[in-house]
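Heads up, the thing below is written out as structure tokens.
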Amino acid sequence: MAVQRATELRLLLVAMAVAAVTARGAAGGGAAKVPAIFVFGDSTVDVGNNNYLAGIGARADFPHNGVDFPGGEPTGRFSNGLIGVDFIAAAMGFTRSPPPYLSLIAMDANSSGEVMSNMMMAAASAMKGASFASGGSGVLDSTGTTISMTKQIEYFSDLRDQISTILSAEKASTLLSKSIFLISAGGNDAFEFFSQNKSPDSTAIQEFCEAFISTYDSHVKTLYNLGARKFAVINVPLLGCCPYLRSQNPTGECIEPLNQLAKRLNGEIRDLFRDLSSEMQGMKYSIASSYELISSLIENPQAAGFVEVKSACCGGGGKFNAEEACTPSSSCCADRSRYLFWDLLHPTQATSKIVGLAFYDGAARFVSPITFKQLADA
């Protein structure tokens with residue numbers, strides 16, 4: 001199994017090199033593969049919505065975040081640079097992730113507070129997509145204190161209405177049916193449940209999983225009824241091996257009960273989408289396994305050029321540089337391309353680049369039943 005994983009990673013890295021050459025040759029050339037990308041989820045795909053929320057801790061609009069982003073400025077991405085959704089969007093023909101929805105609203109705000117005018121301007125700006133993702137949120141609305149998944153979908157519904165006004169209902173429906181709806185959520189739900197239940201019994205786990213998957217089901221059906229047909233899903237990560245979780249374990253090893261919970265949720269997500277796709281006409285989906293990919297990188301770091309897969313690049317504290325969050329005064333590693341993790345929980349730009357290509361057109365172990373590329377082409 002380890003040999004197979006190492007081989008898959010090597011093939012993936014070769015494909016990345018080929019893709020980079022192809023992208024340079026086609027720069028400025030072709031059109032995007034889909035009309036738009038609409039993004040929902042947590043900090044794994046948040047590109048700055050939390051910048052516009054007052055009084056929250058889950059934000060990344062300060063150094064050292066963004067140190068490797070074009071221009072070297074923090075954007076609200078929980079990363080030293082670009083994140084996975086940026087690379088996925090680039091592979092589909094866009095510059096990077098669509099902009100945060102709240103930035104589109106704020107862009108056209110004025111002293112008279114003409115909300116509907118702002119919405120129309122936002123809709124015009126979002127014809128190629130928008131990100132509603134919010135760091136700290138979950139599938140369950142009880143998770144976190146930022147923009148809940150229900151609220152994210154409400155924002156999309158408002159935007160859809162305005163797009164329909166601009167284009168006509170029929171043209172808006174066609175645009176949405178061909179667009180990608182990317183969802184990356186569940187990690188915060190699992191982490192919060194585990195934090196509150198250090199040794200949960202089977203009944204507590206069962207009840208949590210049922211509530212989680214029932215709510216996920218409801219969110220997907222709501223998006224479908226609003227016009228979504230192509231779902232690109234990123235599953236729950238290998239949470240127990242993040243630097244922060246390792247720092248909380250006296251042995252310094254991964255916290256396996258949390259990983260097992262994530263694995264169980266991922267099985268439930270897989271079954272959910274299989275069932276929904278047979279029920280809902282025209283629905284197509286692809287599930288990318290963050291869990292499997294990060295597991296492979298931890299087991300075979302050399303294949304990806306990593307030398308550190310346990311500690312955070314930016315943080316503080318003696319254990320894995322992960323006992324304190326990444327702040328402007330934190331220690332920050334010099335060679336960020338050699339680290340798997342950027343901060344307590346999130347990957348580096350180098351990791352995100354691998355993630356983006358693996359999910360877009362990687363092996364079936366990392367993305368199935370079809371790749372994101374095949375979903376875009378469908």
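Worth saying up front: this structure is predicted, and the values here are computed from it rather than measured. Below, all heavy atoms of this structure are taken into account, side chains as well, without hydrogens, waters or symmetry copies.
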Count the heavy atoms belonging to other residues, nucleotides or ligands that lie under 6.0 Å from CD of Gln196, then report whether that count exceeds 12. yes
Donor-acceptor pair, side chain of Ser214 and main chain of Ala211, under 3.5 angstrom: no
Test log, rule side-chain hydrogen bond (donor to acceptor under 3.5 Å, both in side chains), inputs Asp189 and Thr143: CA-CA 6 Å; Asp189 301 286; Thr143 297; 2.6 Å; yes
Are the side chain of Asp86 and the backbone of Arg96 linked by a donor-acceptor contact shorter than 3.5 Å? no
So does Lys221 get a backbone contact from the side chain of Asn225, meaning a donor-acceptor N/O pair under 3.5 Å? yes
Centroid separation Phe320 to Phe341 less than 6.0 Å: no
Okay, side chain of Thr215, backbone of Leu140: is any donor-acceptor separation there less than 3.5 Å? no
Taking Gly41's backbone N and O only, do any of them form a donor-acceptor pair with Ser137's side chain (distance below 3.5 Å, no angle check)? yes
Could you state the interatomic distance from CG (Leu357) to OG1 (Thr371), rounded to the nearest 0.5 Å? 10.0 Å
How are the rings of Phe212 and Tyr216 set to each other: parallel, tilted or perpendicular (split at 30° and 60°)? perpendicular
Is there side-chain contact between Ile183 and Leu223, with at least one heavy-atom pair below 4.5 Å? yes
Spacing of CZ belonging to Phe359 relative to CG belonging to Leu375, to within rounding of 0.5 Å: 14.0 Å
Does Ile354 reach the side chain of Phe306, with side-chain heavy atoms less than 4.5 Å apart? yes
Assess whether atom NZ of Lys263 is packed by more than 12 heavy atoms of other residues, nucleotides or ligands within 6.0 Å. no
Kindly say whether Gly240 contributes a backbone atom to a donor-acceptor pair with the side chain of Asn259 at under 3.5 angstrom? yes
Against Tyr285, only a single residue in Phe231, Phe372, Phe273 fulfils ring-ring contact (aromatic ring centres under 6.0 Å, His included); can you say which? Phe273
When you measure from the SG of Cys314 to the SG of Cys326, is the result less than 2.5 Å? yes
Might you confirm whether atom NZ of Lys128 has over 12 heavy atoms from other residues, nucleotides or ligands at distances under 6.0 Å? no
Where the side chain of Asp46 meets the backbone of Gly135, is there a donor-acceptor pair that is under 3.5 Å apart? yes
Can you confirm whether Glu279 is buried at CD, in the sense that more than 12 heavy atoms of other residues, nucleotides or ligands lie under 6.0 Å from that atom? yes
Report yes or no: does Gln349 contribute a side-chain atom to a donor-acceptor pair with the main-chain N or O of Ser79 at less than 3.5 Å? no
Counting the benzene-type ring for Trp, do Tyr155 and Phe132 have ring centres under 6.0 Å apart? no
Is the side chain of Asn50 donor-acceptor paired with the backbone N or O of Ala58 at a distance under 3.5 Å, no angle test? yes
Side chain Asp61, main chain Gly76, donor-acceptor under 3.5 Å: no
Mind checking whether Ile147 and Leu53 have side chains closer than 4.5 Å, heavy atoms only? yes
Got a second to check how far Asn321's CG is from Ser330's OG, nearest 0.5 Å? 7.5 Å
Separation of Leu239 CG from Tyr291 OH (nearest 0.5 Å): 9.0 Å
